[in-house]
Amino acid sequence: MEPCIPLPLADGNTLKELIQKAKDWAIMHGAGMRSKDSFSPDSINFAPFMLLPSTFPRCEFERAVGIQPVLNELMHKVAHDYDFLKNSLETTIKVDEFTGRLFNIYETVRAEGITQPFSLGLLRSDLMLETDWRKCHSEDPATSAPYCCWKQVEDVSLALLRSDYFVDQSLFVAKQVEINTISSSFGALSNVLVDLHRFVLTELGHLTELRNLPDNNALEGLCGGMLSAWKVYNQPMSAILFVIEDVTYNICDQRFHEFEIQRQNAKVRVIRNTLTEIATIGKLDNEKRLFLNDTEIAVVYFRAGYTPDHYYSETEWNARLLIERSLAIKCPSIQYHLTGTKKVQQELARPGMLDKYLTPDKVESVKEIFTGLYSLGKDEVGDKAMQMALENPTRFVLKPQREGGGNNMYGENVKSYLEKIKDSDERSAWILMERINPPVQTNYMIRPNIQGPIVTEVVSELGIFGVVLGNADTILENTQVGHMLRTKISSADEGGVAAGFGALDSVYLVDIGKAPKKHV
Ligand code: ADP
Ligand code: MG
């Protein structure tokens with residue numbers, strides 16, 4: 001894909017100056033992170049960022065944005081379907097201890113009677129553009145044609161559409177990588193990145209291009225969601241609790257949430273505690289209201305607790321159970337957390353599974369963003385998927401039930417690991433996913449303490465934020481609130497922003513990927 005402006009930029013002092021200015025802009029406007037190498041609570045580095053916004057097809061961006069409320073609805077309904085969660089996770093929880101423990105908490109609070117019927121979802125659906133035409137189509141010819149802006153071309157035969165597809169190299173289809181139901185991060189920094197890129201393009205004199213940077217109010221929407229939950233709880237003196245790690249590197253993103261809550265409602269206090277601390281200072285009263293010392297908690301927002309690394313001992317598990325038992329509205333509640341597992345994502349992609357939750361038109365739109373997902377359980381279906389992956393490992397990604405990056409397997413590692421677990425029950429802890437092949441473009445990646453960035457080949461992953469608030473019978477709020485873009489070096493399997501291969505980015509919309517106009 002073409003970059004937003006011709007690259008490379010002229011080398012020399014002007015580029016150096018621009019980069020230094022952009023770094024200073026980033027630090028001064030909060031596009032920052034604490035340093036892992038030389039941590040200090042008194043200073044921040046700029047977060048790794050792309051110098052220019054990355055090109056993204058407008059039609060696919062709009063499709064991704066448009067489908068978010070449907071995904072919110074789907075996740076909300078699935079989270080309230082105990083039988084589906086139990087059946088989907090049945091074999092996985094036997095071999096994956098972490099998911100098993102989460103499920104136990106779910107069973108425990110369910111058996112006791114769920115105290116708080118409302119859940120808050122601050123979701124982020126992550127998508128990449130697929131360039132491999134074979135994977136852009138579903139196998140079923142009846143549904144294979146109308147992707148992307150192709151929908152506009154209704155009275156052209158399927159055969160014609162197909163042949164046009166071969167000719168037009170610029171067609172891309174957004175496919176879902178995963179959906180996050182816990183600790184969906186970068187809602188705040190993504191706002192800052194849009195402004196940073198507006199600044200850089202303005203510095204470069206590209207003023208007409210600014211209109212192609214869509215507005216982004218993710219932070220306002222996400223915090224608005226927390227405040228709606230706070231209102232549902234309806235106790236004027238109660239606070240919002242952020243559950244945090246011992247050390248928070250992504251501090252700007254979290255603090256911006258805190259400051260935005262205060263901006264929207266100065267009466268609502270935010271407090272931050274680790275699971276370890278909550279185990280000591282947390283208690284329930286006889287109505288199961290959660291108190292930390294003397295502060296009543298209306299909403300619990302988890303920015304930790306999504307990986308086994310956050311549970312050092314039974315103490316942290318006790319804290320999680322205490323929270324789940326309480327009357328506080330959880331973001332996410334335990335069943336929402338479980339709904340975000342990779343196994344549930346894979347089960348939902350099985351034929352017919354969506355029909356229970358969504359109307360037929362919504363089912364079709366969700367199916368369009370799914371790519372191939374396969375169970376690896378020890379049965380005929382799992383054996384078939386295993387065979388497929390062993391024959392062609394580079395076509396797939398092997399995923400465990402983990403969040404936070406760095407856990408998946410790619411390429412030849414898929415094969416060697418599958419060979420290792422082929423005869424073991426551990427197979428059920430993993431799922432297999434088609435590898436998405438995003439389009440490559442060029443950009444400058446700017447990282448702290450690295451001099452002289454050069455034009456690099458990169459690929460991007462779009463995240464769309466959604467807010468959903470409701471109970472088993474009613475959805476009170478269901479909105480799409482904003483987006484984020486992360487970009488990584490094209491040769492990297494994963495692009496963790498803190499890990500070293502990825503950087504924060506924003507979207508530059510272009511009108512490519514459009515279906516050809518009606519013609520023969
Ligand atoms: P996590 O919960 O650890 O974030 P993800 O499923 O999002 O797990 O995978 C982490 C990263 O791996 C993604 O951000 C993406 O860069 C890469 N990745 C995951 N699934 C795919 C896929 N199907 N095709 C290509 N890359 C993928
Ligand atoms: Mg992810």
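Remember, it's 1-based here, ligands and their atoms both numbered in the order they're listed. Residue indices begin at 1 and follow the sequence shown. On a predicted model such as this, the values are computed, not experimentally measured, just so you know.
- When Lys488, Lys399, Arg435 are each tested for a salt bridge (charged side-chain N to carboxylate O under 4.0 Å, His left out) with Asp493, only one passes: Arg435.
- With no hydrogens or angles considered, a side-chain donor-acceptor pair links Glu494 and Tyr410 at under 3.5 Å.
- Ion pair Asp126/Arg486 flagged as a salt bridge, since at least one NZ, NE, NH1 or NH2 atom sits closer than 4.0 Å to an Asp/Glu carboxylate oxygen.
- Scanning all protein heavy atoms for the shortest distance to atom 2 (O) of ligand 1 gives Lys342 NZ, 2.8 Å.
- At least one heavy atom of Val397 sits less than 4.0 Å from an atom of ligand 1.
- Which parts of ligand 1 touch Gly404 is read off a 4.0 Å heavy-atom cut-off, strictly below it: atoms 1 (P), 2 (O), 3 (O).
- Ion pairing of Glu434 with Lys175 is absent here, as no side-chain N (NZ or NE/NH1/NH2) approaches a carboxylate O to less than 4.0 Å.
- Looking at Val459, Ile512, Leu129 one by one, the single match for side chain to side chain contact (heavy atoms under 4.5 Å, CB included) with Pro439 turns out to be Leu129.
- Looking only at heavy atoms of the protein, atom 26 (N) of ligand 1 is closest to Met128 SD, 3.9 Å.
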Check your understanding: Yes or no on side-chain contact (heavy atoms from CB on, under 4.5 Å) for Leu376 and Ile431, after CA distance, side-chain angles and deciding distance?
Key -> CA-CA 6 Å; Leu376 285 167; Ile431 62 144; 5.7 Å; no
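- Under the 4.0 angstrom criterion for non-hydrogen atoms, Lys175 is not in contact with ligand 1.
- Of the polar atoms of Glu461, at least one N or O is found under 3.5 Å from an N or O of ligand 1, judged by distance alone.
- Judged by the shortest distance from any of its heavy atoms, Asn437 lies outside the 4.0 Å radius around the atoms of ligand 1.
- Summary of contacts: the protein heavy atom closest to atom 20 (N) of ligand 1 is Lys399 NZ, 3.0 Å.
- The ligand atoms of ligand 1 that sit less than 4.0 angstrom from a heavy atom of Met433 are 23 (N).
- Nearest to atom 4 (O) of ligand 1 by heavy-atom distance, out of Lys488, Glu178, Glu403, Glu434, is Glu178.
- Listed for the Thr248 side chain is no donor-acceptor partner under 3.5 Å among the backbone atoms of Asn250.
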Exercise for review: Let me see the working for Phe61 and His483 under ring pair (Phe, Tyr, Trp, His ring centres under 6.0 Å), right down to the final yes or no.
Suggested key: CA-CA 9 Å; Phe61 178 78; His483 64 273; 5.0 Å; yes
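- Put simply, no part of Phe396 is less than 4.0 Å from ligand 1, judged by heavy atoms.
- Interface of Asp493 with ligand 1, defined as ligand atoms under 4.0 Å from a residue heavy atom, comprises 16 (O), 17 (C).
- Every atom of ligand 1 with a heavy atom of Glu494 under 4.0 Å away is listed here by number and element: 10 (C), 11 (C), 12 (O).
- The backbone N or O of Leu52 lies less than 3.5 Å from a partner atom in the side chain of Asn443, making a donor-acceptor pair.
- Geometric assessment of Arg320 against the ring of Phe302 yields a positive cation-pi assignment under the 6.0 Å and 45° thresholds.
- Backbone and side-chain nitrogen or oxygen atoms of Gly405 are examined, and one is located within less than 3.5 angstrom of a nitrogen or oxygen of ligand 1.
- At a cut-off of 2.8 Å, Glu178 is counted among the residues with an N, O or S atom near the Mg ion (ligand 2).
- At a 4.0 Å heavy-atom cut-off, ligand 1 touches Asn408 through the side chain alone.
- Residue contact check: Arg402 has heavy atoms under 4.0 Å from atoms 2 (O) of ligand 1.
- The single protein non-hydrogen atom nearest to atom 24 (N) of ligand 1 is Ile436 N, 2.8 Å, given as residue, atom name and distance.
- For CG of Asp355, the number of neighbouring non-hydrogen atoms (other residues, nucleotides, ligands) closer than 6.0 Å is greater than 12.
- No hydrogens or angles considered: a donor-acceptor pair under 3.5 Å links the side chains of Ser313 and Thr315.
- Within the 4.0 Å heavy-atom criterion, the part of Tyr410 lying near ligand 1 is the side chain and not the backbone.
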